[in-house]
Amino acid sequence: MYNLVVFGAPGSGKGTQSARLIDEYGLYHISTGELLRDHIARDTDLGRIANEYISKGQLIPDQLMIDILEHTIENNPDTANGVIFDGFPRTIEQAHALDKMLAKRGAKVDAVVGLEVADEELIDRLIKRGLESHRSDDNPETIQNRLKVYNSQTAPLRDFYTQAGKYHAIEGSGAVEDIFHSIRESLRPTRS
Ligand code: AP5
Ligand code: MG
């Protein structure tokens, strides 16, 4: 089982690069944001709760998110070969929970790819996408809040995973294909 975390600020390209990585490595992709948006689209109880947070650019509470993720892994045999975690963990508490969840299965986080992009470019990308995405969080005010939340609650994971020797910093601006190439090269030694 090979477990990869694709990490980065809102708009850094986590979804775009994950789509390439699943093809390359045959891993199962879990985007916690997409999972929640699917609940919102189906108007489930969880979707209604999640929308309250997402539309304001806030994180949904840790324990709720952790339970959803564990349920997804448990009920999905396709995760057995390994998973790309896109948008999870987003707090230190979630990172500890992920370690525990994987340890139960005799596995671990093998590597973390951190897509690093300047704030101005992130904002540009998200505002552009907002013109057609219909995402309740792709508007200028919520984008600013998403970045604030990222810097205060999620960015500390960079140090957390650097200290664990798992963090691979990747320059996340430029052509999608070139970024994918850098990720592949950077991960090569972690794949046995
Ligand atoms: P989530 O869905 O994870 O959103 P996000 O982190 O804000 O990031 P995005 O999905 O917007 O961007 P991305 O990094 O995937 O980039 P993308 O490839 O799309 O989370 C949404 C919300 O859900 C959170 O705010 C929170 O409320 C909740 N949530 C989710 N997970 C949670 C958790 N673990 N705990 C608590 N709450 C959670 O690219 C962005 C745009 O840029 C696209 O238009 C793309 O085409 C373009 N692009 C990509 N690469 C390039 C490039 N190289 N050059 C130019 N443009 C590019
Ligand atoms: Mg995404």
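All ligand and atom numbering here is 1-based and tracks the order in the structure. Just the heavy atoms: all of them, side chains too, but no hydrogens, waters or symmetry mates, feed the values below.
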As a quick check of understanding, evaluate side-chain hydrogen bond (donor to acceptor under 3.5 Å, both in side chains) for S133 and D138, giving each step before the final call. CA-CA 7 Å; S133 73; D138 277 348; 2.9 Å; yes
Tell me which residues fall inside the under-4.0 Å heavy-atom shell around ligand 1. A9, P10, G11, S12, G13, K14, G15, T16, T32, G33, L36, R37, I54, Q58, L59, I60, M65, G87, F88, R90, Q94, R125, L126, R129, R135, D137, R146, G174, V176, I179
With no hydrogens and no angle check, do the side chains of D67 and Q63 hold a donor and an acceptor under 3.5 Å apart? yes
Sequence neighbours excluded, which residues qualify as side-chain contact (heavy atoms from CB on, under 4.5 Å) partners of T16? V176
Apply the test side-chain hydrogen bond (donor to acceptor under 3.5 Å, both in side chains) to residues T72 and E74: give CA-CA distance (whole Å), side-chain angles for both, the deciding distance (0.1 Å), then the verdict. CA-CA 6 Å; T72 305; E74 258 164 25; over 6 Å; no
Examine F7 together with H168 and report whether their ring centres are nearer than 6.0 Å. no
Show the numbers, then the answer: is there a side-chain hydrogen bond (donor to acceptor under 3.5 Å, both in side chains) between N75 and H71? CA-CA 6 Å; N75 290 290; H71 180 84; 3.2 Å; yes
